[in-house]
Number of protein chains: 2
Amino acid sequence: MPTPPYRRIADDLRRRILDGDLPPGAVVPSENVLVEQYEVAAETARRALAVLAAEGLTEARRGSGTRVRSFRPILRQAGRRLSAEQWGSGRSVWQADLDQRPMAVDSASVDQRPCPGRIAGALGLEEGAPVWVRDRRYLVEGAPVMLATSYLPAEMVAGSAITRLDSGPGGTYARLAELGWAPTDFREQVRVRMPLPEEALALALGAGTPVVLIARFAFARDGVPVEVNEMTLDASRYLMEWEFPA
Amino acid sequence: MPTPPYRRIADDLRRRILDGDLPPGAVVPSENVLVEQYEVAAETARRALAVLAAEGLTEARRGSGTRVRSFRPILRQAGRRLSAEQWGSGRSVWQADLDQRPMAVDSASVDQRPCPGRIAGALGLEEGAPVWVRDRRYLVEGAPVMLATSYLPAEMVAGSAITRLDSGPGGTYARLAELGWAPTDFREQVRVRMPLPEEALALALGAGTPVVLIARFAFARDGVPVEVNEMTLDASRYLMEWEFPA
DNA sequence: GAGTGGTCTAGACCACATT
DNA sequence: ATGTGGTCTAGACCACTCA
């Protein structure tokens with residue numbers, strides 16, 4: 001039971017990628033080349049390349065070729081507590097160009113709808129109670145990176161700018177504060193899995209790219225839940241950070 | 001350019017899984033069955049099943065069959081702030097049996113080593129300065145779920161139980177507190193990607209299972225970094241939670 | 001032993017990008 | 001026009017599980 005040829009080929013290529021022999025953007029040897037070099041059938045060479053694609057290491061383009069993917073993560077900071085100096089010692093262990101690129105919204109909608117069951121429990125509402133639903137897709141450099149759907153009790157936010165596409169300066173949380181429901185605490189629950197086809201489509205995900213699901217709960221004074229925000233992130237584009245006290 | 005047969009088959013099966021028609025643990029139609037039902041070649045049927053496996057939805061076992069995977073996550077809580085009542089309204093949107101199963105450690109080592117470059121910066125040390133390195137693998141119900149490697153400045157922890165396999169009651173942080181370096185703040189940086197073969201091996205990962213990489217930085221008073229902990233989690237087994245103030 | 005998934009081959013046709 | 005990746009087929013052999 002020696003490792004099968006397609007795995008050996010994949011292992012070779014992977015090592016070359018991780019060693020930097022094939023840097024980000026470099027063209028990976030084509031199927032035909034692999035067929036010659038390793039003396040295997042075309043399908044076997046394809047399978048080797050498919051392994052790397054499934055690992056998120058490469059990206060194949062029909063007609064062009066297969067290239068090594070590059071990673072330029074967006075830094076998502078939550079619960080920032082520490083000062084800039086403390087950021088200095090204690091910075092990322094991942095060497096990343098954490099440039100702050102501007103984020104845009106390309107498709108958005110705001111609707112009042114009956115509350116879905118799983119959200120109702122979190123908001124302390126009955127299933128089907130009216131909630132305002134804010135739906136958005138975020139882009140960086142023209143490419144989608146995150147989907148977000150936010151739920152707020154209709155009774156709480158009726159008449160405010162939260163029910164309009166443009167929620168105004170400071171956004172939803174600023175409006176909540178004006179209504180006397182300023183968020184004081186947040187809980188974020190995080191799951192990770194491979195995307196469903198619809199998610200892969202909406203985020204234009206390459207093969208081998210997981211998604212991060214974040215459910216964010218915002219609480220006002222006395223622990224009153226005021227918002228649930230379900231987010232879906234392209235995992236290959238994010239470096240997430242949380243800070244909290246001991 | 002209609003969707004190719006293998007995708008149609010995969011779509012059919014995926015819908016049946018997500019609809020609950022094929023519940024967790026259920027046997028997915030075998031290659032032979034699919035060959036008959038859809039009148040395709042065996043390789044085409046295989047490819048359809050491979051899609052589902054790559055999505056983490058199924059698990060194939062040679063000789064046995066392909067089954068729908070089940071999701072029984074471990075809840076990992078960080079920065080717990082809110083009370084139990086607030087947990088009540090605002091609970092998970094993912095219906096999950098969050099039983100607290102006991103966690104064991106099966107392989108552990110403690111060594112003094114020169115500090116790797118990427119850790120040195122975070123700990124405010126020179127590269128190569130002596131650090132104690134605590135290495136562990138965690139199991140739940142006999143299966144590995146997390147790898148963790150912790151780095152502490154040798155000068156800070158020399159002579160304490162931190163340098164021994166059994167760090168004593170309360171663990172590393174309790175010992176740090178006794179030494180006058182009680183952690184007061186934490187920063188956790190999180191990345192997600194598909195595993196390298198070595199990681200897949202160490203965590204016994206099925207196909208289509210991402211890993212979560214958490215780099216945890218512990219700070220004592222005045223923002224002095226006292227520990228860096230690099231963790232690798234089986235993404236399919238964790239539900240992570242962070243809480244923090246506005 | 002029958003059925004299951006895992007791998008490989010040789011050959012074919014297609015869609016697409018680059019030259 | 002050539003080369004690239006994407007898909008499909010028919011047939012083969014193997015390793016494993018389960019009854």
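A note on names: the letters A, B, ... follow the listed sequences, proteins ahead of strands, and every chain is numbered from 1. Quick caveat: nothing in here was measured; it's all calculated off a predicted structure.
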Nearest-nucleotide pick for [X], side chain only, options being [options]:
{"X": "A:Arg46", "options": "D:dG11, C:dG5, D:dG5", "value": "D:dG5"}
{"X": "A:Arg62", "options": "D:dT9, C:dC16, D:dC16", "value": "C:dC16"}
{"X": "B:Pro4", "options": "C:dG3, D:dC8, D:dA10", "value": "D:dC8"}
{"X": "B:Ser64", "options": "C:dT7, D:dC18, D:dT4", "value": "D:dC18"}

Q: Select from A:Arg61 and B:Glu31 the residue whose nearest nucleotide in DNA chain C is closer to the 5' end of that strand.
A: B:Glu31
Q. Pick the nucleotide of DNA chain C nearest each of A:Pro5 and A:Gly63; which residue has the one closer to the 5' end?
A. A:Pro5
Just the rounded figure in Å: distance from [atom2] of [N] to [atom1] of [X].
{"X": "A:Leu52", "N": "D:dG5", "atom1": "CG", "atom2": "P", "value": "12 Å"}
{"X": "A:Leu49", "N": "C:dC8", "atom1": "CG", "atom2": "C1'", "value": "16 Å"}
{"X": "B:Asn32", "N": "C:dA2", "atom1": "CG", "atom2": "P", "value": "14 Å"}
{"X": "B:Arg67", "N": "C:dG5", "atom1": "CZ", "atom2": "P", "value": "10 Å"}
{"X": "B:Glu43", "N": "C:dG11", "atom1": "CD", "atom2": "P", "value": "17 Å"}
{"X": "B:Leu34", "N": "C:dG6", "atom1": "CG", "atom2": "P", "value": "13 Å"}

Q | Heavy atoms of other groups near B:Glu36 CD, more than 12 under 6.0 Å | A | no
Q) Any ion pair linking A:Glu243 and B:Arg187 (charged N to carboxylate O, less than 4.0 Å)? A) yes
Q) So, do B:Arg76 and B:Met231 sit near enough that their side-chain heavy atoms are less than 4.5 Å apart? A) yes
Phosphate oxygens OP1/OP2 of [N]: is one of them under 4.0 Å from a side-chain N or O of [X]?
{"X": "B:Ser30", "N": "C:dT4", "result": "yes"}
{"X": "A:Tyr6", "N": "C:dT7", "result": "yes"}
{"X": "B:Thr66", "N": "C:dG5", "result": "yes"}
{"X": "B:Arg47", "N": "D:dT7", "result": "no"}
{"X": "B:Thr44", "N": "D:dT9", "result": "yes"}

Q. Between the side chain of A:Arg134 and the main-chain N/O of A:Ile162, is any donor-acceptor distance below 3.5 Å?
A. yes
Q. Without hydrogens or angle criteria, can the side chains of A:Glu227 and A:Ser150 be said to hold a donor-acceptor pair below 3.5 Å?
A. yes
